[in-house]
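Quick notes on the structure that follows.
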Amino acid sequence: MTTPPVCNYEGSDYQTSFWDKGGREYEDRTEAIALQRLLPKSGRLLLELGAGAGRNTPRYLGFDRIVLLDYSRTQLEQAQQRLGKSDKYIYVAADVYRLPFIAGLFEAATMIRTLHHMADAPKALGQVKSVLGSGGVFILEFANKLNGKAILRYLLGRQTWSPFTLESVEFVKLNFDFHPKAVRNWLKDLGFTIERTLTLSHFRVGFLKRIVPTSILVFLDSLFQWTGAWWQLTPSVFVKSKVVRRDGIPPHSQDNVLSYFKCPDCGNSPLIEKNEYLECSSCGKKWGVKDGIYDFREPIGESVS
Ligand SMILES: [Zn+2]
């Protein structure tokens with residue numbers, strides 16, 4: 001099966017270099033506010049796509065259980081160190097284009113700063129739709145090509161690509177910015193209903209971040225976030241959408257983690273629990289389970305016998 005290329009953070013110190021030491025306190029705090037405004041206060045099971053080192057995970061604690069999904073195993077190991085090993089957190093290394101979950105499993109899903117790396121965004125969003133149940137809430141953050149800085153640069157002739165057209169722009173390899181209308185169209189085509197849009201990072205400007213206290217910028221941004229309902233001209237946009245109804249998929253009520261999974265290659269479920277892997281009884285593939293991380297990226301090599 002061929003799927004689009006993935007941006008792999010394996011071995012990356014992204015959490016430390018970008019968030020902890022990168023002067024991103026302003027962005028981090030405005031995201032916390034947006035999530036609080038958009039996310040249901042409680043629920044049973046939430047899927048965090050592109051969880052990375054678990055920076056946002058503590059903001060989802062109203063949910064009984066959180067599945068942290070990332071393509072990079074080392075990012076998930078960092079998340080484990082941060083959050084600890086408990087029944088509340090399920091760590092899954094997997095490809096977003098081949099999600100290893102049964103249809104309709106989740107009540108909510110979040111994808112923050114992750115669509116940014118999707119070469120085939122509609123395909124990834126389609127996978128998210130398939131694992132949400134009736135009434136499922138999806139909180140999506142995307143990088144907006146129609147932002148003030150890009151518009152200015154384009155009008156001044158210092159940027160070749162147009163921020164006004166619907167196609168996405170790959171400004172660095174596997175880093176994409178999207179047009180808000182294109183994202184809305186994809187969500188609607190997939191059957192999502194858009195409930196609310198917030199714009200973030202109105203003041204992501206170097207000199208402002210240096211001279212104005214972060215708390216003031218965060219407060220002002222929290223006021224301006226609501227203008228996202230009318231226009232979206234900031235580098236970061238949050239969209240809350242909902243799967244209103246899915247026919248023929250009963251709500252999932254089991255607590256057993258094994259019941260969540262399907263084989264990402266052939267779609268068969270349930271998988272059979274073995275000592276250090278889960279086995280697919282249909283295609284025979286084995287998916288590793290090591291140190292509390294389920295690994296659905298590549299099957300364990302067929303034993304040579
Ligand atoms: Zn299979």
Side-chain angles (χ1 to χ4, degrees), residues 7 14 18-19 22-39 49-50 52 55-56 96 109-125 128 138-190 192-206 208-209 217-218 220-241:
C7 184
Y14 169 75
F18 188 86
W19 289 106
R24 258 64 173 216
E25 189 195 349
Y26 163 69
E27 283 82 356
D28 185 53
R29 286 172 61 184
T30 55
E31 281 186 15
I33 291 167
L35 283 169
Q36 204 176 19
R37 286 172 171 171
L38 299 179
L39 199 69
L49 293 133
R55 176 179 64 90
N56 271 317
V96 71
T110 64
M111 189 190 262
I112 315 292
R113 290 177 181 262
T114 301
L115 195 70
H116 199 41
H117 297 305
M118 303 287 158
D120 190 343
K123 182 167 182 165
L125 297 174
V128 178
F138 178 36
I139 315 261
L140 169 69
E141 186 274 351
F142 64 90
N144 178 14
K145 74 183 283 202
L146 184 63
N147 67 74
K149 200 190 271 180
I151 293 169
L152 195 64
R153 286 175 60 86
Y154 180 68
L155 296 179
L156 293 174
R158 290 170 56 195
Q159 172 185 296
T160 52
W161 54 268
S162 165
F164 303 108
T165 49
L166 288 190
E167 78 282 355
S168 38
V169 55
E170 185 176 24
F171 60 95
V172 176
K173 191 160 171 56
L174 286 177
N175 282 265
F176 301 89
D177 284 358
F178 303 97
H179 194 287
K181 187 159 185 230
V183 175
R184 282 197 292 274
N185 288 346
W186 293 330
L187 289 170
K188 284 177 190 163
D189 288 349
L190 286 164
F192 284 101
T193 305
I194 294 173
E195 297 211 317
R196 177 161 284 169
T197 304
L198 299 178
T199 41
L200 274 77
S201 284
H202 290 81
F203 308 104
R204 189 187 290 172
V205 182
L208 274 181
K209 282 169 68 175
L217 289 185
V218 170
L220 290 174
D221 195 77
S222 78
L223 298 180
F224 279 83
Q225 283 184 11
W226 301 108
T227 64
W230 303 296
W231 54 81
Q232 301 89 34
L233 301 169
T234 55
S236 173
V237 178
F238 273 61
V239 177
K240 174 184 184 178
S241 57

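Owing to the predicted nature of the structure, the values given are computational and were not obtained by experimental measurement.
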Pairwise distance NE2(His179) to CD(Gln232) - rounded to 0.5 angstrom
9.0 Å
Go through it in stages, so that I can follow the logic: the residues are Ile139 and Leu35, the test is side chain to side chain contact (heavy atoms under 4.5 Å, CB included), and I'd like the CA-CA distance, side-chain angles, deciding distance and then a yes or no.
CA-CA 8 Å; Ile139 315 261; Leu35 283 169; 4.1 Å; yes
What do the steps show when you test His202 against Thr199 for side chain to side chain donor-acceptor pair (under 3.5 Å), and what is the final call?
CA-CA 8 Å; His202 290 81; Thr199 41; 3.3 Å; yes
Can you find a pair of side-chain heavy atoms, one from Leu140 and one from Val183, that are under 4.5 Å apart?
yes
Shortest non-hydrogen contact between Trp186 and Ala121, atoms and distance:
CZ3-CB, 3.6 Å
Would you kindly say whether Ser236 and Glu141 are connected by a side-chain donor-acceptor distance under 3.5 Å?
yes
Do Lys145 and Thr165 pass the side chain to side chain donor-acceptor pair (under 3.5 Å) test, and can you show the C-alpha distance, the side-chain angles, and the key distance before you say yes or no?
CA-CA 9 Å; Lys145 74 183 283 202; Thr165 49; 3.3 Å; yes
Interatomic distance, OG1@Thr234 vs CH2@Trp231, rounded to 0.5 Å, equals 12.0 Å
List the residues meeting salt bridge (Lys or Arg N to Asp or Glu O under 4.0 Å) with Glu27, not counting sequence neighbours, and say none if there are none.
Arg204, Lys209
Where Trp161 and Ala150 come nearest, the two heavy atoms and their spacing:
CH2-CB, 3.7 Å
Rounded to the nearest 0.5 Å, what separates atom CZ in Phe238 from atom CZ in Arg196?
14.0 Å
Min side-chain heavy-atom separation Leu38-Leu198 under 4.5 Å
yes
To the nearest 0.5 Å, tell me how far Ser168 OG sits from Asn175 CG.
12.0 Å
With distance as the sole criterion, is a donor-acceptor pair present between the side chains of Lys240 and Thr197 under 3.5 Å?
no
Working to the nearest 0.5 Å, report the span between CZ of Phe203 and CG of Asp221.
6.0 Å
I want to check something: taking the side chain as every heavy atom from C-beta on, are Phe138 and Leu125 in contact at a cut-off of under 4.5 Å?
yes
Nearest non-hydrogen partners of Pro180 and Leu146, listed with the distance
CD-CB, 4.0 Å
Could I get the full list of salt bridge (Lys or Arg N to Asp or Glu O under 4.0 Å) partners for Arg55, not counting sequence neighbours?
Asp28, Glu31
So Tyr154 and Phe164, would you call those rings parallel, tilted or perpendicular, with 30° and 60° as cut-offs?
perpendicular
Report the distance from atom CZ of Phe142 to atom CZ of Arg184, rounding to the nearest 0.5 Å.
7.0 Å
